[in-house]
Amino acid sequence: MAPPPVSYSQISRAGLWNNNVALVQLLGLCPLLAVTGTVINGLGLGLATLLTLVASNSLVALIRHWVPKEVRLPVFVLIIASIVTTIELLMNAYFYDLYKVLGIFIPLIVTNCAIIGRAEAFASRQKVGRAFTDGLMMGLGFTLVLMLLGGLREALGQGTLLDQAHLMFGEAARDLKLTLVEDYRGFLLAILPPGAFIGLGLLIALKNMIDRRLAQRTAVQKSYATKPIDVLPERI
């Protein structure tokens, strides 16, 4: 029996916030923690992952009726590996300096649990439009967390933002670098892998705090809505 259709707004909220890959599902954390030393590194890896999610979700949804269940996972992995190889070759050709910085973590996108997970759990059960939207929103949510964590680590570790922007946007983008604190000596822990763990933990704690506040506000509004008018406190 086919699962009930999911609205595009539900897909968008799930990808960006409610079921965010990095903050809720906690999938694909190895490259997230390894390369988020700067905003640009996070943006580069995030865009590569986003393109992979969009393309793999769309292709899996397109061929879902012709792939036997017994061989679906090898077929999905083959599709994902082909897409990642194409992206790797394109980055090698057009963004070589950024490609050298990201290194082994580009081909390792193939092993990202979030991508195979979305293909199996969502794209193989939905139409192409919803699968495309799911890949786009999940990829955007993942990219935003990469950039946010990269910005946090870069600001604390180097006292800058958008350092080495020319690796992605060309020589004209060198001037995009922002120096937050002059003569800042840096905070080494923020640059090292333990700093990535601490930074991600802070982001997860912040999201949980916001969710709890929103849930409390919604509960209060519902309680006021169900009370008789004569019980509500008078407003001055």
Side-chain angles (χ1 to χ4, degrees), residues 15-16 20-22 27-63 75-119 123 128-129 131-155 157-158 160-179 191 193 196:
L16 294 175
N20 186 283
V21 173
L27 296 175
L29 297 186
C30 292
L32 184 148
L33 298 173
V35 304
T36 52
T38 66
V39 176
I40 297 301
N41 288 359
L43 178 61
L45 183 65
L47 290 178
T49 306
L50 186 152
L51 289 174
T52 305
L53 270 167
V54 169
S56 63
N57 264 20
S58 302
L59 288 174
V60 167
L62 193 63
I63 65 170
V75 171
F76 295 167
V77 172
L78 184 63
I79 291 173
I80 294 169
S82 302
I83 295 168
V84 171
T85 302
T86 303
I87 293 173
E88 182 185 7
L89 292 175
L90 289 173
M91 289 190 69
N92 194 352
Y94 297 103
F95 302 96
Y96 183 66
D97 291 333
L98 182 62
Y99 170 78
K100 287 194 299 183
V101 172
L102 298 179
I104 188 63
F105 293 102
I106 294 298
L108 278 180
I109 292 175
V110 177
T111 63
N112 190 318
C113 304
I115 297 173
I116 189 68
R118 298 317 298 172
V128 177
F132 174 89
T133 306
D134 178 73
L136 179 64
M137 292 304 164
M138 286 288 170
L140 278 177
F142 187 64
T143 303
L144 290 174
V145 174
L146 283 174
M147 293 179 62
L148 195 57
L149 182 59
L152 179 65
R153 296 179 65 190
E154 184 181 344
Q158 302 177 195
T160 64
L161 282 176
L162 297 175
D163 188 23
Q164 296 185 323
H166 65 283
L167 296 180
M168 176 165 288
F169 302 111
E171 290 300 320
R174 285 186 181 275
D175 295 336
L176 292 178
K177 177 182 176 181
L178 300 175
T179 301
I191 301 298

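- Listed here is the closest heavy atom pair of Ala48 and Ile87: O-CD1, 3.7 Å.
- Shortest non-hydrogen contact noted between Arg153 and Ala196 is NH1-CB, 3.4 Å.
- With contacts defined as side-chain heavy-atom distances shorter than 4.5 Å, the pair Leu45/Ile106 qualifies.
- Of all heavy-atom pairs between Val128 and Ala61, the closest is CA-CB, 3.9 Å.
- Within the structure, every pair that satisfies the side-chain hydrogen bond (donor to acceptor under 3.5 Å, both in side chains) test and touches residues 92-110, not counting sequence neighbours, is listed here: Glu88-Tyr99.
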Test side chain to side chain contact (heavy atoms under 4.5 Å, CB included) on Val110 and Ile116 and set out the steps.
CA-CA 8 Å; Val110 177; Ile116 189 68; over 6 Å; no
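- Taking 4.5 Å as the limit, some side-chain heavy atom of Asn41 sits within range of a side-chain heavy atom of Leu98.
- Val54 is listed as a side-chain neighbour of Phe132, based on a closest heavy-atom distance under 4.5 Å.
- When every heavy atom of Gly28 is checked against every heavy atom of Asn112, the shortest pair comes out as CA-OD1, 3.5 Å.
- Here the CG atom belonging to Leu59 is positioned 5.0 Å from the CD1 atom belonging to Ile83, to the nearest 0.5 angstrom.
- Between atom CG of residue Leu162 and atom CZ of residue Arg174 there is a gap of 14.0 Å, rounded to the nearest 0.5 Å.
- Side-chain contact between Met91 and Leu102 is present, with heavy atoms from C-beta onward closer than 4.5 Å.
- Side chains of Phe76 and Ile115 form no contact here, defined as non-hydrogen atoms less than 4.5 Å apart.
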Run the side chain to side chain contact (heavy atoms under 4.5 Å, CB included) check on Asn20 and Met138 step by step: do they pass?
CA-CA 7 Å; Asn20 186 283; Met138 286 288 170; over 6 Å; no
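- Using a 4.5 Å heavy-atom threshold, the side chains of Thr38 and Gln158 count as touching.
- Side-chain contact check for Leu136 versus Leu53: every heavy-atom pair is 4.5 Å or farther apart.
- Residue Ile80 holds its CD1 atom at 8.5 Å from OG1 of Thr52, rounded to the nearest 0.5 Å.
- Among all heavy-atom pairs drawn from Ile79 and Ser56, the shortest one is CG2-CA, 4.4 Å.
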Evaluation steps, side chain to side chain contact (heavy atoms under 4.5 Å, CB included), between Ile40 and Phe169
CA-CA 10 Å; Ile40 297 301; Phe169 302 111; 4.0 Å; yes
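- Between Glu154 and Asp163, the closest heavy-atom pair is OE2-N, 2.9 Å.
- Inter-residue side-chain proximity for Thr160 and Leu178 is flagged as unmet; no heavy-atom pair is nearer than 4.5 Å.
- For residues 131-151, the set of pairs meeting the side-chain hydrogen bond (donor to acceptor under 3.5 Å, both in side chains) definition, not counting sequence neighbours, comprises Asn57-Asp134, Arg118-Asp134.
- Remark: Glu171 CD to His166 NE2 distance equals 6.0 Å, nearest 0.5 Å.
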